[in-house]
Amino acid sequence: MNTLLKYLAALLCVASVSTAYADYDPINGTYTGCATYQRADGSWSKNYKVKGRIVKGADLITFAQQKGYSIKYSNDSYYYVIAWKNGGYSALALGNTDSMPKSNQTTKDQSGKIWQIKDGWNFCN
């Protein structure tokens, strides 16, 4: 398990996380989601079946400070954090809710890339 995943797993011990959805895995602390990002030309990528954690911004700020990353998170917001297999992560802003959107929600990640996300893998081809 990479360092980011270990850190995020530890954060979940103190972070506020909603467990009301069927697409939540309490053993791993992950939510399944469907994500697509907007390319530079305005077109959309394929849909990705992803698993991620919902983390409060204050906890992401602490993580970013410890790792020397720039801080682009809001204390009171929540983020859907996807750790990618090839390294790195995407922290998709959820706003002031600690749950995944039921239908496509347009949002941005920590670098400003535009994404659409929704909970679950249904209709995520």
Side-chain angles (χ1 to χ4, degrees):
M1 183 182 266
N2 71 31
T3 304
L4 174 64
L5 288 177
K6 287 179 186 176
Y7 183 80
L8 291 173
L11 282 179
L12 289 175
C13 293
V14 295
S16 209
V17 178
S18 171
T19 59
Y21 292 104
D23 293 318
Y24 176 72
D25 177 356
I27 294 171
N28 295 313
T30 58
Y31 293 82
T32 59
C34 184
T36 182
Y37 64 89
Q38 191 172 39
R39 296 183 185 105
D41 67 4
S43 65
W44 290 92
S45 72
K46 71 174 190 164
N47 289 323
Y48 291 92
K49 292 179 178 180
V50 295
K51 292 185 180 185
R53 291 175 161 57
I54 295 177
V55 180
K56 191 155 188 177
D59 297 319
L60 279 176
I61 289 169
T62 300
F63 171 77
Q65 287 173 330
Q66 290 174 349
K67 298 297 181 184
Y69 300 150
S70 62
I71 300 169
K72 300 180 180 182
Y73 308 108
S74 173
N75 268 330
D76 298 326
S77 291
Y78 290 88
Y79 297 84
Y80 181 60
V81 180
I82 305 163
W84 299 106
K85 290 180 183 178
N86 63 348
Y89 70 96
S90 296
L92 310 180
L94 294 174
N96 62 357
T97 182
D98 65 348
S99 60
M100 290 290 288
K102 290 293 184 188
S103 59
N104 278 342
Q105 174 182 321
T106 301
T107 187
K108 291 184 179 181
D109 68 12
Q110 73 275 17
S111 65
K113 184 182 282 189
I114 298 172
W115 291 79
Q116 284 189 343
I117 59 168
K118 70 175 187 77
D119 76 326
W121 289 348
N122 290 340
F123 308 107
C124 188
N125 303 331

Nearest 0.5 angstrom please: N122 CG to K49 NZ, how far?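 Spacing of CG (N122) from NZ (K49) equals 9.0 Å.
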What's the spacing between W121 CH2 and T32 OG1 if we round to 0.5 Å? 6.0 Å
Determine whether a donor-acceptor pair (N or O, by modelled atom type, separation under 3.5 Å) exists between the side chain of [X] and the backbone of [Y].
X    : Y    : value
Y80  : M100 : no
W44  : W115 : no
Q110 : K72  : no
R53  : A83  : no
Y73  : K56  : no
S77  : G57  : no

Identify the two heavy atoms, one from [X] and one from [Y], that lie closest to each other, and give their separation to 0.1 Å.
X   : Y    : result
Q38 : K113 : O-CG, 4.3 Å
A35 : V50  : CB-CG2, 4.2 Å
L60 : A91  : CD1-CB, 4.1 Å
N47 : F123 : ND2-O, 4.4 Å

Are there more than 12 heavy atoms of other residues, nucleotides or ligands under 6.0 Å from atom CG of N96? no
Could you check whether any side-chain heavy atom of [X] comes within less than 4.5 Å of a side-chain heavy atom of [Y], counting everything from C-beta outward?
X    : Y   : answer
P101 : L94 : yes
Y79  : D59 : no
D119 : Y24 : no

Y48 and L92: same hydrophobic cluster, using ILVMFWY side-chain contacts below 4.5 Å? yes
ILVMFWY network linking I117 to Y37, side-chain heavy atoms under 4.5 angstrom: yes
Name all residues meeting the side-chain hydrogen bond (donor to acceptor under 3.5 Å, both in side chains) criterion together with Q116; count only those two or more places apart in sequence or in a different chain, and write none if there are none.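 Counting only residues at least two positions away or on another chain, Q116 forms a side-chain hydrogen bond (donor to acceptor under 3.5 Å, both in side chains) with T106.
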Contacts of T36 that satisfy side-chain hydrogen bond (donor to acceptor under 3.5 Å, both in side chains) - sequence neighbours left out: S45
Would you kindly say whether D109 and S111 are connected by a side-chain donor-acceptor distance under 3.5 Å? yes
Tell me every residue that passes side-chain contact (heavy atoms from CB on, under 4.5 Å) with I71, counting only those two or more places apart in sequence or in another chain.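 By the side-chain contact (heavy atoms from CB on, under 4.5 Å) rule, I71 matches I61, A64, Q65.
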